[in-house]
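Protein chains get the first letters and strands the later ones, always in sequence-line order, with residue 1 at the start of each. All figures in this text were calculated on a predicted structure; none of them were measured in a lab. Note that these values count all heavy atoms, side chains included, but never hydrogens, waters or copies made by symmetry.
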Number of protein chains: 4
Amino acid sequence: MDKYQRILDAAISVFAEQGFFQSTIAQIAKEAGVADGTIYLYFKNKDDILVQFYQYKTRQIFERFRDAVGQPTTAEEKLRCLIRVHLQEFQKDRNMAIVYQAETHQNRRLGNEQIKEMSKMYRDIISEVVELGQDEGTIRKDLYMGLVKRFINGAVDEVINSWIHSGGQYDLVTMADPLVDLFIKGIGGSSEAELTD
Amino acid sequence: MDKYQRILDAAISVFAEQGFFQSTIAQIAKEAGVADGTIYLYFKNKDDILVQFYQYKTRQIFERFRDAVGQPTTAEEKLRCLIRVHLQEFQKDRNMAIVYQAETHQNRRLGNEQIKEMSKMYRDIISEVVELGQDEGTIRKDLYMGLVKRFINGAVDEVINSWIHSGGQYDLVTMADPLVDLFIKGIGGSSEAELTD
Amino acid sequence: MDKYQRILDAAISVFAEQGFFQSTIAQIAKEAGVADGTIYLYFKNKDDILVQFYQYKTRQIFERFRDAVGQPTTAEEKLRCLIRVHLQEFQKDRNMAIVYQAETHQNRRLGNEQIKEMSKMYRDIISEVVELGQDEGTIRKDLYMGLVKRFINGAVDEVINSWIHSGGQYDLVTMADPLVDLFIKGIGGSSEAELTD
Amino acid sequence: MDKYQRILDAAISVFAEQGFFQSTIAQIAKEAGVADGTIYLYFKNKDDILVQFYQYKTRQIFERFRDAVGQPTTAEEKLRCLIRVHLQEFQKDRNMAIVYQAETHQNRRLGNEQIKEMSKMYRDIISEVVELGQDEGTIRKDLYMGLVKRFINGAVDEVINSWIHSGGQYDLVTMADPLVDLFIKGIGGSSEAELTD
DNA sequence: CATGAATGAGGGTTCATTCAT
DNA sequence: AATGAATGAACCCTCATTCAT
């Protein structure tokens with residue numbers, strides 16, 4: 001593998017293990033099997049590693065999200081597919097998941113703009129899908145879109161978080177269908193219950 | 001005000017502004033209007049400030065959550081009340097909200113156990129409410145409880161996060177009712193809704 | 001006991017346990033059962049405690065040394081008595097012994113003058129005794145007095161040191177007679193001794 | 001010179017000047033002509049400098065002591081040689097002498113074990129020599145060996161101490177022969193001496 | 001390109017000393 | 001006289017970054 005990738009992977013691994021601030025360049029260099037100074041041939045500084053992680057590594061994931069919603073035709077299928085791919089990708093690369101979740105919930109940080117943009121991109125996808133559903137008639141129209149986006153984004157994030165904190169011991173992807181079910185139908189009583197209303 | 005409180009408030013304020021690791025004892029001391037050394041009369045070390053923040057400051061909030069679900073009788077009202085109080089408290093103390101959100105999503109950190117326990121407590125409340133609703137017949141029985149807890153917890157968290165990142169410019173509490181509505185009914189179109197559109 | 005003594009004793013005890021620099025005013029205050037600030041009513045500063053220790057506590061011991069050599073008449077008996085009292089006094093107050101031995105062998109220290117003066121006083125006593133012996137004809141005349149003083153002083157010190165490092169587990173005073181024997185006769189074999197063996 | 005040596009020498013020089021606890025890393029670094037941080041490339045921490053001083057610098061001296069007693073054949077010559085080399089080595093490196101004397105007489109200190117072991121090694125040499133003398137018939141058999149070792153060790157130490165405190169102004173090695181003379185013959189009047197007087 | 005020894009600014013922490021009560 | 005909370009200077013140590021090889 002090329003040295004840039006080796007360093008980036010090593011860094012994410014170390015960040016995942018210890019958190020960004022508690023990780024040292026020396027640790028990353030050792031993990032990557034290069035000298036400390038070598039890292040500065042590929043990255044401007046320590047912060048830049050995180051920035052580039054966002055720029056290159058997660059950008060590719062969001063392309064897969066785009067693909068995911070591109071294939072199905074109905075809104076529900078698009079949403080289901082998005083979430084399945086989301087969980088798949090994060091399950092596939094646990095270190096990335098850890099670093100992404102941790103850094104995304106930091107507030108004042110470098111690469112802040114990167115992260116905001118990335119989250120926005122994700123929520124834009126959700127918006128599109130939801131709007132499609134509203135056009136289809138499969139999704140309610142009396143929704144505050146800003147809230148719906150957070151609602152879905154947050155729930156998925158927390159499911160991933162739990163999986164991370166559990167040590168990644170169960171299959172994350174199996175959560176996709178039940179989760180979409182909750183998004184669509186909520187936890188409220190079934191149609192019989194509604195009929196009695 | 002009590003010096004302990006002054007320091008704790010100052011620390012949370014500084015942590016909220018810059019993040020735990022980028023905050024210095026000197027900054028906290030200055031913000032609190034005390035000497036650097038004074039902090040060590042009240043806290044064992046820098047980490048201990050965060051630990052005590054969790055132990056004393058947020059514990060009180062969770063007691064309010066308990067109160068919140070104790071008053072209403074129906075599950076839906078309990079849930080609504082819980083979320084309203086949750087948003088209220090976090091809106092009331094924005095610094096606390098920022099630090100809480102940031103640290104809760106860190107993985108490897110001191111006070112890890114504190115935080116896990118706190119999150120668990122919150123999700124236990126949700127479990128109880130949901131189970132009550134299932135007994136009432138107002139909440140579906142075909143739910144995977146572990147998932148429902150994350151679903152609600154995550155969505156609320158993300159709503160708070162968004163509010164924080166927006167700079168706290170809108171009224172967070174108004175989100176409570178629409179959010180509960182989403183939890184209960186989901187985003188799926190009900191037949192009437194579709195007809196009326 | 002008066003507070004001055006309590007503090008001085010506590011300080012010597014703490015110094016003996018941890019060494020001067022690793023001892024804190026707080027520890028001494030706690031040991032003495034007084035507040036930190038109280039110490040400064042009796043002592044100018046931390047260093048002053050050591051200085052006063054030399055001035056008051058050990059000065060009294062050296063008066064006993066004077067007494068010891070004053071009573072016997074022959075040089076050998078004076079020497080024997082001096083050393084016996086020396087070992088007795090140091091055995092009686094082990095903390096004093098530890099602090100005295102440690103600080104005496106420091107070079108650059110406050111109270112330097114105090115210590116030098118004290119050691120000189122001790123060696124002056126030895127000089128007097130040895131000179132008396134030379135007059136008596138019981139001690140050789142072909143001696144370099146400066147060396148003899150160190151010879152005796154050093155040997156006694158090291159015997160005390162060993163006792164300290166052993167944890168003070170044996171009776172130090174029993175060393176007095178064999179030690180004086182070595183001073184007087186040396187380790188060399190006398191012809192009689194060889195014949196009798 | 002090797003940077004490790006430069007730092008070690010600088011440290012011993014500063015320790016000799018000010019004592020271990022009053023010396024700062026900054027002073028040592030300045031004396032060695034390196035940056036503060038550089039010291040930590042060669043030593044684990046401040047304490048470690050002292051430990052390594054004992055491990056490397058003084059160990060070599062004790063090898064010379066071994067050589068010194070190895071060459072002569074009679075006990076007296078061995079003892080004379082040991083003490084001459086001892087004084088020589090300490091005279092040659094005054095800073096080493098100061099630090100060694102000071103730290104050896106501390107009680108509660110790091111590297112305690114190192115120091116105890118070193119002192120024991122020295123006294124073991126003395127034991128061997130004395131026992132040889134007893135076999136030869138040149139040294140009395142009615143000796144308590146534990147005391148003899150302290151007697152010799154302490155006297156030599158104090159001679160060195162005096163020389164240090166005098167500012168190293170006279171030739172220390174000339175003390176060797178008179179000192180051995182005292183060890184062997186003691187200060188007591190010999191029968192011939194008494195007769196001639 | 002790669003190295004890793006060297007740097008030195010910066011931060012957490014300690015603790016002798018003071019002083020208002 | 002006695003207290004002990006408060007102070008802040010000082011120090012050890014870390015570690016991101018540089019640069020000569």
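Here the rule is side chain to side chain donor-acceptor pair (under 3.5 Å) with A:Asp48, and of A:Lys46, A:Gln52, A:Lys44 only A:Gln52 fits it. D:Phe15 pairs with exactly one of D:Phe53, D:Phe20, D:Phe21 by the ring-ring contact (aromatic ring centres under 6.0 Å, His included) rule, that one being D:Phe20.
Taking 4.0 angstrom as the limit, B:Lys46 places none of its side-chain polar atoms (N or O) nearer than this to OP1 or OP2 of E:dG11. The side chain of C:Thr24 places no N or O atom within less than 4.0 Å of a non-bridging phosphate oxygen (OP1 or OP2) of E:dC15.
When the C1' atom of F:dC12 is taken as reference, atom CD1 of D:Ile49 falls 11 Å away, rounded to whole Å. In this structure, CG of A:Asp47 is placed 16 Å from P of F:dC15, rounded to the nearest angstrom. The distance between atom CD1 of D:Ile25 and atom P of F:dT14, rounded to the nearest whole Å, is 11 Å. In this structure, CD of D:Gln22 is placed 13 Å from P of E:dA16, rounded to the nearest angstrom. One can place CZ of A:Phe21 at 15 Å from C1' of E:dG10, the figure rounded to the nearest angstrom. Residue C:Ile39 contributes atom CD1, which lies 13 Å from atom P of E:dT18 at whole-angstrom precision. Computed from coordinates, the D:Asp36 CG to E:dG11 C1' distance equals 14 Å when rounded to whole Å. As a whole-Å value, the separation of C:Phe20 CZ from E:dA16 P is 9 Å.
Between B:Phe90 and B:Tyr100, the ring planes are perpendicular. Angles over 60° get that label, and only those under 30° would be called parallel.
With both pairing distances under 3.5 Å, E:dT13 is matched to F:dA10 as a Watson-Crick or G-U wobble pair. When Watson-Crick and G-U wobble pairs are counted only if both distances are under 3.5 Å, E:dA20 pairs with F:dT3. Nucleotide F:dC15 forms a pair with E:dG8, judged by Watson-Crick or G-U wobble geometry with both contacts under 3.5 Å.
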Next item on the list: Might you work through the side chain to side chain donor-acceptor pair (under 3.5 Å) test for A:Gln27 and A:Gln18, ending with a clear yes or no?
Entry: CA-CA 10 Å; A:Gln27 285 174 320; A:Gln18 318 207 311; 3.0 Å; yes

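Using a 4.0 Å heavy-atom criterion, one finds that C:Tyr42 contacts the sugar-phosphate atoms exclusively. At the heavy-atom level, B:Leu41 lies under 4.0 Å from base atoms of the strands shown.
If D:Thr38 and B:Gly37 are placed on DNA chain F by their nearest nucleotide, the residue sitting closer to the 5' end is B:Gly37. DNA chain E is contacted by both B:Asn45 and A:Ala35; A:Ala35 maps to the nucleotide lying nearer its 5′ end (nearest heavy atom per residue). Of the residues near DNA chain F, B:Gly33 and D:Lys44, the one whose nearest nucleotide (by heavy atom distance) lies more toward the 5' end is B:Gly33.
Aromatic rings of A:Phe43 and A:Tyr4 (six-membered ring for Trp) have centroids within the 6.0 Å cut-off, being under it.
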